[in-house]
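Right, one structure below, let's go through it.
Only this structure's heavy atoms are used, side chains among them; waters, hydrogens and symmetry mates stay out.
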2 protein chains.
Amino acid sequence: MIRAVASLSLNIDRSSPVPLYHQVVQGIESAIRSGELVPGTRLDNEIELAARLNLSRPTMRKAMDELVRSGLLVRKRGVGTQVVASQVRRHLELSSLFDDLQRGGSKPTTEVLTFSHTAADERIRETLQLPPDALIYHFTRLRKMNGKPLALMENWVRDDITEIDESSLGSRGLYEILRTAGVNFRLANQRIGAVRADDEQAVLLQAEPGAALVTMERTAVDDTGRQVETGRHAYRADSYSFEMTLVQR
Amino acid sequence: MIRAVASLSLNIDRSSPVPLYHQVVQGIESAIRSGELVPGTRLDNEIELAARLNLSRPTMRKAMDELVRSGLLVRKRGVGTQVVASQVRRHLELSSLFDDLQRGGSKPTTEVLTFSHTAADERIRETLQLPPDALIYHFTRLRKMNGKPLALMENWVRDDITEIDESSLGSRGLYEILRTAGVNFRLANQRIGAVRADDEQAVLLQAEPGAALVTMERTAVDDTGRQVETGRHAYRADSYSFEMTLVQR
DNA sequence: GTCAATCGTATGTTAGGACATATGTACATC
DNA sequence: GATGTACATATGTCCTAACATACGATTGAC
């Protein structure tokens, strides 16, 4: 059986500050997304590819490792490496709703409903691992997209990172503010579920009482191990859902 | 400032078929989960650790790479590597509800509501990328846990993998059946949202009409690039939610 | 006393080589 | 003609060896 073998050619710029393996990742990824590499095609073997690009095998391999991890390629020992899917959505990212919407080309607006800088209650102190006398920012926001209410968000943020005020929350996303303040998010635990809207939620989201809402609770940790933020969000189910790609390793 | 540096010691078995780097991963991971390595502690540097375990630096590094990727460790150039969090839940896995429940120690039961082996309609053919004359298995199941209805599941599975019948679906999970038939799942695209239960769903799930349900749509791809299965599930929101850990890379 | 240059340290990147092992195919055998 | 074995092939693992680069702390100059 003769199988199609792709002979993709990439340009590697050795004077670029971008690591070689990453240039390869980007090159292959864009070749897949552009349709140049159709799902199912087999790639040349690692050694061949490395030789063609004047790279060492470990470097080539590291690039392919990343692509395998992200689900674009599949390796089979003794057989070869082939393209799996072109439609891999980006892994559910550590981003905020604001980022997502803005990237989607929409114009999100934010209304700050409540805002306080007070002592944290015990549940929050525990979640964010704060000492008994710690202060936190606590606020609720209503996010609209194109004038239509989309999400109701309640967040608690530790106050030893940066100063947060009502007006900045109105114009920028929370994660954007925190990132600007030097926070590097590393991981987040989140839980997605559903509830029926109570009267207050229904009014704010301009939905019927009892309408289905998607709920999301999240606690985010930065690269120093601090629990930076925790929040409880509710989205109109008719306007929002969580999409993700799971990759088996 | 003097920081605690952990001097963990592991046993590496060079005669084991388990790769060395993976033995290190397992060792450090269990040390973290057991509390031996407290979040915040700094590890010795890569070269030091490698030397102590009689491993090369690349091998040690590969092990630490995995741990960083899974969110247990954090590296900072010029500084060192430290333990982030002990409470990382396992990444949302490519598993079925059946697997999850069984692992949780519960006894799931499955009731097959409908079952057919027929021609695929266009939508399904497109989703699973099948030719016009393809046949598929189509079935709906009701899953209970401890006698209580939990999920209503509708699935479409291509029929060129293994024979599926009603009775095996009643006793085993779908993913278990497919894995036994040699399917190696690689990735899945899924979407999580919410709806209100319609009358039929309410009756089957023993919930009130209009109750909130968590919905999940998923299409799974195996390591040969085939779209193996697609499905639409609805869970009682009061009994089920999706938990996951996101890792920023 | 403050600030900037310097230096040690740890991770980041790349190279090149060697051997192990799973897979599929082609060939030889029965 | 069916079956099993041997071989080529491609990935999997592991090693040694450098050099690059970012960060923190110390040192030195002003």
Handout entry: Interatomic spacing from CG in B/Leu55 to CD1 in B/Ile12 - rounded to 0.5 Å
Key =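 Answer for the CG-CD1 pair, B/Leu55 versus B/Ile12, is 5.5 Å.
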
Fill in: Atom pair CG (A/Leu73) and CD (A/Glu66), whose distance is rounded to the nearest 0.5 Å
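Rounded to the nearest 0.5 Å, the CG-CD separation comes out at 11.5 Å.
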
Within 45° cone and under 6.0 Å: A/Arg123 NZ/CZ vs A/Trp156 ring: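 Yes, a cation-pi geometry.
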
Ring-plane angle category for A/Phe115 and A/Phe139, please: parallel below 30°, perpendicular beyond 60°, tilted otherwise.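 Because their plane-to-plane angle is under 30°, the rings of A/Phe115 and A/Phe139 count as parallel.
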
Given protein heavy atoms under 4.0 Å, the one-letter contact record of nucleotides 7-16 of chain C, with B base, S sugar-phosphate only and - none, is simply --BBBBBSBB

Evaluation steps, salt bridge (Lys or Arg N to Asp or Glu O under 4.0 Å), between A/Arg232 and A/Glu217: CA-CA 5 Å; A/Arg232 257 195 334 215; A/Glu217 296 168 39; over 6 Å; no

Distance check needed: D/dA10 C1' versus A/Leu73 CG, whole Å only.
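The answer, rounded to whole Å, is 15 Å.
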
